[in-house]
Amino acid sequence: MARPKKNRYVCAFPKSLEFKPFGDYADTVNLSFDEYEAFRLIDFLNFSQDECAKQMNVARSTVAAICQSARAKIADAIVNGKALVIYGGDVQLCPNHSTCCGRCGQRDCNTCGHCAKANSVK
């Protein structure tokens with residue numbers, strides 16, 4: 001019997017849940033919330049796989065598989081002109097989502113240094 005899936009932490013749900021190509025499209029690609037979060041952390045925020053795994057509360061090998069799946073789905077949607085819909089997956093909001101900058105998973109974000117770096121970049 002397979003082991004039950006462990007819930008993965010996400011910092012927030014995406015602002016947009018659907019991306020559609022201009023004009024006609026026939027197919028849809030479904031991206032789960034955990035795939036979105038791994039893609040966001042690794043490819044947008046430049047996390048390492050280890051940092052991403054810690055943030056999402058899963059093993060590094062799990063993050064590698066999730067991110068590979070997300071990249072393949074996003075590429076399929078862009079290259080083949082398919083709609084991309086984000087929903088589902090075994091996820092829960094990070095317990096510190098309301099007080100965290102979304103980079104470290106810590107409750108007091110002023111101690112991680114990410115907030116100061118993010119504010120200086122803006």
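Worth knowing before you read on, the calculation uses all heavy atoms, side chains too, and leaves out hydrogens, waters and symmetry mates. Note that the coordinates shown come from a computational prediction; the quantities given were computed from them, not determined experimentally.
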If two hydrophobic side chains count as joined below 4.5 Å and joins carry through other members, does Tyr9 share a cluster with Leu93?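 Different clusters: Tyr9 never reaches Leu93 through Ile, Leu, Val, Met, Phe, Trp or Tyr contacts under 4.5 Å.
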
Kindly work out whether a path of hydrophobic side-chain contacts (I/L/V/M/F/W/Y, heavy atoms less than 4.5 Å apart) joins Phe47 to Met56. yes

How many angstroms lie between atom [atom1] of [X] and atom [atom2] of [Y], to the nearest 0.5 angstrom?
{"X": "Ile66", "Y": "Ser61", "atom1": "CD1", "atom2": "OG", "value": "9.5 Å"}
{"X": "Cys67", "Y": "Leu41", "atom1": "SG", "atom2": "CG", "value": "9.0 Å"}
{"X": "Lys20", "Y": "Thr28", "atom1": "NZ", "atom2": "OG1", "value": "8.0 Å"}
{"X": "Tyr87", "Y": "Leu17", "atom1": "OH", "atom2": "CG", "value": "11.5 Å"}
{"X": "Asp50", "Y": "Gln55", "atom1": "CG", "atom2": "CD", "value": "13.5 Å"}
{"X": "Asp27", "Y": "Asp76", "atom1": "CG", "atom2": "CG", "value": "8.0 Å"}

So does Arg8 pair up with Asp90, basic N to acidic O under 4.0 Å?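 Salt bridge: no.
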
State, to 0.1 Å, how close [X] and [Y] come at their nearest heavy-atom pair, and which atoms those are.
{"X": "Tyr36", "Y": "Pro14", "answer": "CZ-CB, 3.6 Å"}
{"X": "Ser16", "Y": "Ile86", "answer": "O-CD1, 3.9 Å"}
{"X": "Cys11", "Y": "Glu37", "answer": "N-OE2, 3.1 Å"}
{"X": "Arg71", "Y": "Ile42", "answer": "NH2-CG2, 3.4 Å"}
{"X": "Tyr25", "Y": "Ala83", "answer": "CE1-CB, 3.5 Å"}
{"X": "Ala53", "Y": "Val63", "answer": "CA-CG2, 3.5 Å"}

For Gln92, is the CD atom crowded, meaning more than 12 foreign heavy atoms sit under 6.0 Å from it? yes

Exercise: do Ser32 and Asp34 side chains pair donor with acceptor under 3.5 Å: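 Distance-only check passes for Ser32 and Asp34.
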
Side chain to side chain contact (heavy atoms under 4.5 Å, CB included), that's the test. Do Ile74 and Phe39 meet it? Break it down for me. CA-CA 10 Å; Ile74 292 167; Phe39 182 78; 3.7 Å; yes

Please report the C-alpha distance between Leu31 and Val85 in whole Å, then the side-chain angles of each, then the deciding distance to 0.1 Å, and finally whether the side chain to side chain contact (heavy atoms under 4.5 Å, CB included) criterion is met. CA-CA 6 Å; Leu31 188 72; Val85 178; over 6 Å; no

Would you confirm whether the ring centroid of Phe33 sits within less than 6.0 angstrom of the ring centroid of Phe13? yes

